Every structure is written in C-alpha cells, then in structure tokens.
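So the structure is just underneath, and the comments pick up after that.
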2 protein chains.
Amino acid sequence: MSDSQEPASGVRWTGGGRAPADRAARSDRVRRDNLSAVLELAHSRGALSRAQLTRETGLNRSTVAALVGELVERGLVVEGEPEASREVGRPSPIVRPDPSIVALAVNPEIDAVTVGAVGLGGQVLAVRRIDLDRSPTPVEAVEAAAQGIADVSVRVAELRGSGPDGEVRIVGVGIAVPGLVETRHGIVRLAPHLGWVDEPFTELLARRTGLSTHAANDASLGANAERIFGAGRGVEHLVYLNGGASGIGGGVIAGGRPFRGRSGFAGEIGHTFVSGADRADPSGSRGSLEVEVNRAALLSALGSGAVDADALDAALVGSTSPDVQAVIRRQLDHLSTAVSTVVNLFNPQMVVLGGFLASLDRAQPGRLETLVRERALPVSSEGLSIQRAQLGSSILMIGAAELAFSELLADPTHLPLRP
Amino acid sequence: MSDSQEPASGVRWTGGGRAPADRAARSDRVRRDNLSAVLELAHSRGALSRAQLTRETGLNRSTVAALVGELVERGLVVEGEPEASREVGRPSPIVRPDPSIVALAVNPEIDAVTVGAVGLGGQVLAVRRIDLDRSPTPVEAVEAAAQGIADVSVRVAELRGSGPDGEVRIVGVGIAVPGLVETRHGIVRLAPHLGWVDEPFTELLARRTGLSTHAANDASLGANAERIFGAGRGVEHLVYLNGGASGIGGGVIAGGRPFRGRSGFAGEIGHTFVSGADRADPSGSRGSLEVEVNRAALLSALGSGAVDADALDAALVGSTSPDVQAVIRRQLDHLSTAVSTVVNLFNPQMVVLGGFLASLDRAQPGRLETLVRERALPVSSEGLSIQRAQLGSSILMIGAAELAFSELLADPTHLPLRP
DNA sequence: ACTATATGTTTGCGAACGCAACAATTGGCA
DNA sequence: TGCCAATTGTTGCGTTCGCAAACATATAGT
C-alpha cells in the first residue's frame, strides 16, 4: 500500500488507499518487493542463513547477496558469523534483524495505558504500564502514551548501551484499540469501554510524537501476532477470538494477511446471534455472543471480584464446583455456535483462543472442539485446528508493533539510510 | 497462482498451490503482471482506448503500446479504429477482447445440466440446457456436459462464421457446483442436492473434454460475476447471497478477489444460527438460516407448486395475501439476522441478493435494509449498500466462465501464440 | 491555415535479475 | 595429511523490461 504523503513533517498516521497506478507492476517495484521478502523473512524467523534466504525466496544467489547487502547498508539487517554446522560446503553467513530497529506499541485501556518497545524480529524490549484512576479521554490517553513512550525509549537506550553501536531507530507507533478503528484514517469510530466515539486518536498521537502512527482493533492485531510468532506460525487462514473484560473480539487472517474488510471493522464476532433466550446486552441486542459468553458471569459464578487474567484462568481450571462447571459448559456451548458460524463463513485452518476463552477451553478441554465439529460443516471443520494463544500478555505489544513495522516491511526503502 | 503442470496432455483441472519461490518477484513476473493488468481491463470493460489503459495502469505510453502489441500478437485482444470523439489530440485506438477467445461454463443441477459459451469480455454467446429425468450421477453429468459442450461449440462456430476469421479458441471449462468444492483439486466434497460426496467431477470432465477445467461453488462464482459485470462493478468488498431451491448459498469478494478460505468452502451462510425455534433442517441442525428462510415455505404459503424463479418472483411481489406477507416478513427478519452477522464479520461495502432472496427484498422493499441497520454494528452498516443481483439467469454461466478465464487473465503468456 | 493538445512511435538508457565461471570453505575418505 | 565432492560466496556479462525524451500524427478550436 502506498501512503498519502505528508511532505512537510514526515508524520504519517495512516496507511492510505491504493493508487490506481498500483494495478501495474513497475520495474522498481521488483526491487522493493524482493527487499521486502528478504526483510520479512529475517523478521519472522529472527535469524537465517543467506543460503536459506536463497532457497525460500527462489531468487538467485547473487541477487540475494545484493539484496542483503542493500538491507545491511540501510541498517535493517546485520550479517553475522556462520553457524558451526555439520554440513559440507562453504558456510553461509547468518542474517538477523538489526537490533537498532524498534517499534513502539500503545494500548489504551479503561484503567491504564500500556506502552511497549519491540525490536524488529518481535522481541519485546521494554513495557511500561501507566495506571490511570479513571477511563482516559483521548487527550489524556495521548499524554499517558507520550509519557510511556519517553520511559520505554530511555529503557531501550539503556539496553542498547550508549556507544556508537547503541543507536536506536524508532520506525513508528502502532496502537491496539479495544474498539472499532477505521484503518484508513486511524479514527476510533467506537470504543464503548473507553467511551470514545469518532476520536482521531491516531492523528493526535502522531502529532504529539512526530512519529508515523497507525491504529487497528486489538483482536485484529492479536490475530496477526499469533500468526507470525505464536500458535499460528505459518498458518495462512486463521481466526483469533479473544475474551476480554470489555467483550469478545475477533481478528481474521486470510491468505497470510490481515483481513480487515472495507473499513477495518471485519471480524466483529461479539454480536453474533447464538441464543434464542431473551437476555439483552448493554447495546440492546438480544441473544448475542457477548450476552451469553462473558467474563462477568464467570466471575460471579466463581464468587470472586475483579481479578486479572491469570488468576481467572487458574480459578476456572482449578474449580470443581458443579455450578461453575455448568456455567463453563453453557458458555462453551454458546461459543461453539459462534465458532461454527465463523468456521462456515471463513473456512480457516485454525481458530486461536485468547483471554478467558482460552481459559474456558482449558477448563473443559476438547469440549469446544467436539461441539464445533458437530455443528459446523463437516468439510470445513475437517482440517480445522483449535488452539489456545501462545503469546500471553505481550500479544498486543507484538501485534501493535507489527502494525508499525508493516510499512517498513512492505517497503524497506522508505527508511532513510543509516548515516 | 502457478499451476501444477500436466506435461503430457496439457489437461489441467486445478489451479495448484503457490510455490515457495513465489514469495519473490522475478523480473519476468513484471511483464506477466502487466499483460495481466491490461487484459483484465479489456475483459472487464469490454472496450477502452489505449490512452485509457495508460491512465488506468499508470504505465508509460510506450510500455502500454508494447503490452497491447504483445496481446494482439497472442490473439487475446484486437485493436480497432478510434472512436469519433470530441476530444482534442490524436485519437487513440480502441482495444477489445479478441472475439475468438471463448470459455465454457457448466452447471450441473438436479434436473438438468446447463452448458454455456462465454466470450472474453463476459458476453454469453450460447446456452444449452440438457434436461434430465433424474438427478445425475457424476458420470451422467459428465456425459450431459460433454453433449452440451459439443452443442454450444457448434453454435459458437456458426456465430463466428467459417472464414479465416471464424476461429474459436476455447481456453477452458468452468463448473458451477451447487455444493462444496475443494478448489485445489476440484473435488466436489458435498453436493447434498445432487447426492454427491467426494466426487472428482472436475477431473472426470477434464479427462472427457481434454480441456483445462476448474470448479467452484455456485454462489462464490455468482459473487464474482456480479462484481465484474453486475451490481458490484468496481466494488472491492462484497457478499453475494443466493436463494435457490437447494438452499441458501453465499459468496464473498474481498479486496477485489474471491475469498475462498483454506479449501474453498468460505461463505457458507446457510447454516448460520438465526433462531431459537426448534425446527431442524434435513441435516439436523436447529435454528439455521435455511430452516427459517427457504423457497419451499414461500411456495406453500402461495399455494403453488413448483415454479421457476421468475414466476415465484412475480407471485411474491404481486401477492396481497396477509398470510403470504407474514411469511415474507418472517423470512426477511431471519435473513436480516444472518446478513447482520455477515456484515459484522466481513465488513463489506455491498450485499448482493440473488434468487428468491432478491424476490423477498422486492416484495417488501427496504425492510431488510432497515433491519440490518438496526442489528448490525452501526459503523459497519454505515457505508453498506444492499442491492439485488443484476445478471439474472446468466449469472452462473458468466461466473463459471470467469473461473475458466482466470488462468488466462492472471498469465496471458500461457496460451500459445496464434498460428 | 495555424496553434494547442493529446497520443502514437522510436530510440537510448538504466535498473534488476539470472547465469556461468571462479573462488572459498567445509566434511569425508584414503 | 592430502585430495575430492559439495555448497555457497563473488564477479562480470547478457537479457529483459519499463521509462524518458524527442519526434510524428491527428484532432479541435480559432
């Protein structure tokens, strides 16, 4: 995707639309795409030899050498000593992401703003949680984010050391929003939990930081994170379902790329109709997934107050109370209806469960999968794998950083050459 | 997509997987992609000037001249006299699809096999319906299809004349199957109406005809046809919902391309849960869309027997009976639940209704749209347009032919040069 | 008839990749 | 220890392809 340029400041807060000219391939796109392919491999694998790059890209040895050389010149990857291997033949140098390349991740929530720094390659370098005493307005969230960014930047600079090799280059900011984000302009159209409606949060943060900034729905970013570094590594078609305090979010990966729909709202599974019962959720809809499957009902069955995700997980998995088991069973039943719908509509290879949905599955292992196989089309559920998320609490930092990296990964020539 | 070759006979019945080497762009892919872009424009527009091609592809004049020249040499497009226009400047020659390029479309149904011939550009040249006295086995359907192919081939040859310009080049066969098709190998995994399970219908027909043959679900093909030549022209994200005698099918277009999911089963909306009522459909599922919204219930409310789509449409739109109105209203209500789910999950720009679903909408105009706007997420339904299909009875011929054309459109160099 | 405008045509150039030959490095084996 | 096979890096050359620029052509307007 080419971006709508902002020539003066270099601040870009959106990945704009595709120009009509993108229909055709220009010859300069070849280089760009090949640099992108190599950089993406280095990013997703962490480290691999030039020979591996040659095999996986299908390009010629000499071409790969030139591409890696250019990426080294641009300060995006580093070449290291060959690994001591027991293979015959000349050893191949190892290509890794340059450790100076860092993306920032921001996740505004009702009671805190969390900011992280993530290295190219997906390593979380630093996380800072700014606690808040009340749900922030966009302006307050921007201030908290700016403070968090300052903090993690210092932390990363310390980590990298202050020598000539201690340089840190921040490629941009990614925001994981618990709500609906219009990807094109980064506008938060609706974040019910935060009480935000049509807030240009991305633009505010971009102006405040002067960095290229993008935003997307948190579950969409979680899906992408699990695809690249978690349970869905190498999976081309997956659906990620996350159970959080504010409801159930969904993110879809199709053909190895995030599926966003027309405006970025795709994957909203929370309001799927799963029950003829007459309960209504706050927004007034009846029989929706979020009415039947939610964290509050689990907490009330457990008789506990507000607890964090790990405590809830432990409580659910450890509980032997028949009442709790019954609630879990009912929630899994309703969840299976929604998952079946999703499977029938998206025909994914894998469904990844995050948040308390993973806890539900862990509490009664196999039940969800059995129900989905009963209810979804047999041919669609046949090759389906249902997994729990692997990235834990850092999933949103990684996912949001991925959003910030995506520009660079798609076009490695856009970052200026290292001085 | 590159194909798994069948070197001996040249018969290919599947668009195989993408080789790992496709990660990277080779320089020969540039030419291929540009030829593809030009040919696709000629195909979808029917006719446009070289100057328009230059503008829309973003390529250089000289490049477009060379590309068009190569396509002419390959016999894929023809250049004609410039149109008399009132524009200043040198007139630009008009580029059209070569009329000798033809694809065949096959649609096996319970009581007939329909075969069509479609020109590059989407014009239906001939249709032949082979009536059957009982639901065909795959072998019987192949025989009927072969007979139909022979018939329409003769008809097309007559149309084209027998002179030196009367040549007909058939690029392949596309099959629209009322059921679930594994796109990769063209296996009909389940066609309940026909009683087919795991039938290699595509391969059978490919061997019988010696032509490159592909198959897909009928609603998926309908979606693509409506996108290119019907209600969804220029729409990048749309969902097509078709109401047929055998149930409700769905097809999804995302990012301007068919969305098939992992194996080609995506878009199966018929079993979506829409009702807490206790009716079950033949396959045993309860409360699914197909249980609540179906053609049989409409016919029984109308008191009529088996009628064709046009007669049903007229009857529904013309009926003033309160009972019929009530049935229509109830079906629209349930349909709105499913459409809302689809809108929330795919965030399309347009929903296109075909078959008796279009008739339902025509009978009580605006009702469905109103309900969907009430039930779907406001931000997702905001930019949504609900339209009735435009292509009528030829939709499956066009859609199936599109499947046959897709190989050629993606790689115009694969068809041998004209002698 | 003349001018402005738009487009086709031709030519030369540069970018980028593949190929092939050669160099470098390692493991295996006598 | 020395030689060979295998694998990969390096270098120079050729090909393909698109772009830019200069020139040619055709039309509308004055």
Side-chain angles (χ1 to χ4, degrees), chain A residues 19 21-39 47-74 77-95 411-413, chain B residues 19 21-39 47-74 77-95 411-413:
Chain A
D22 282 17
R23 263 193 107 83
R26 316 261 201 72
S27 112
D28 50 347
R29 255 186 73 174
V30 173
R31 201 62 199 295
R32 202 189 62 186
D33 287 353
N34 287 342
L35 288 170
S36 167
V38 171
L39 188 58
L48 73 177
S49 73
R50 240 158 77 180
Q52 275 177 285
L53 281 170
T54 302
R55 277 189 297 272
E56 303 217 21
T57 58
L59 296 167
N60 192 278
R61 286 210 293 270
S62 53
T63 306
V64 172
L67 291 168
V68 171
E70 182 170 345
L71 291 174
V72 169
E73 243 180 77
R74 292 182 180 276
V77 303
V78 292
E79 275 191 304
E81 291 303 302
E83 261 182 348
S85 73
R86 49 230 157 295
E87 308 277 327
V88 317
R90 178 171 176 172
S92 191
I94 300 295
V95 178
D411 184 0
T413 65
Chain B
D22 282 17
R23 262 193 108 83
R26 316 261 200 71
S27 108
D28 50 347
R29 256 186 73 174
V30 174
R31 201 57 197 297
R32 201 189 62 184
D33 288 353
N34 287 343
L35 288 169
S36 166
V38 170
L39 188 57
L48 73 178
S49 73
R50 240 158 78 181
Q52 275 177 285
L53 281 170
T54 303
R55 275 190 296 272
E56 303 216 22
T57 58
L59 296 168
N60 192 282
R61 286 210 292 272
S62 52
T63 306
V64 171
L67 291 168
V68 172
E70 182 170 345
L71 291 175
V72 169
E73 244 179 76
R74 292 183 181 276
V77 302
V78 292
E79 275 192 304
E81 290 302 301
E83 260 183 348
S85 73
R86 50 232 156 294
E87 307 278 326
V88 319
R90 178 172 176 172
S92 190
I94 301 296
V95 178
D411 184 0
T413 65

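Residue numbers start from 1 in every chain, and the chains themselves are labelled A, B, ... in the order their sequence lines are given, proteins ahead of strands. Being a predicted model, the structure only gives us computed values, none of them experimental.
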Nearest non-hydrogen partners of A:Glu83 and A:Ile94, listed with the distance: N-CG1, 3.9 Å
Side-chain heavy-atom pair B:Leu71, B:Leu39 within 4.5 angstrom cut-off: yes
Closest heavy-atom pair and its distance - A:Thr54, A:Arg61: CG2-N, 3.9 Å
Gap between atoms CG and C1', on A:Leu53 and D:dT8 respectively (whole Å): 13 Å
Any B:Arg90 side-chain nitrogen or oxygen under 4.0 Å from OP1 or OP2 of D:dC23: no
Side-chain donor or acceptor of B:Ser92 paired with backbone N/O of B:Ser49 under 3.5 Å: no
Interatomic distance where CG belongs to B:Leu48 and C1' belongs to C:dT7 [whole Å]: 15 Å
Euclidean distance, atom CZ of residue B:Arg32 to atom C1' of C:dC17 [Å, nearest integer]: 16 Å
For atom CG of A:Leu35 and atom P of C:dA15, their distance in whole Å: 15 Å
Atom pair distance, as rounded to whole Å: CG in A:Asn60 and P in C:dA20: 10 Å
Rounded distance in Å - CZ (A:Arg61) to P (D:dG9): 7 Å
Sugar-phosphate, base or nothing in reach of B:Pro93, heavy atoms under 4.0 Å: sugar-phosphate
Interatomic distance, B:Asn34 CG vs D:dT16 P [rounded to whole Å]: 17 Å
From D:dT8, C:dA6, C:dG27, nucleotide with atom closest to A:Val88 side chain: C:dG27
For A:Arg50 against A:Ala65, the heavy-atom pair lying closest together: NH2-CB, 3.5 Å
Distance below 4.0 Å between B:Arg55 side-chain N/O and C:dT7 OP1 or OP2: yes
Most 5' of B:Pro91 and A:Thr63 on DNA chain C, judged by nearest nucleotide: B:Pro91
B:Arg31 CZ - D:dG18 C1' separation (whole Å): 9 Å
Sugar-phosphate, base or nothing in reach of B:Ser62, heavy atoms under 4.0 Å: base
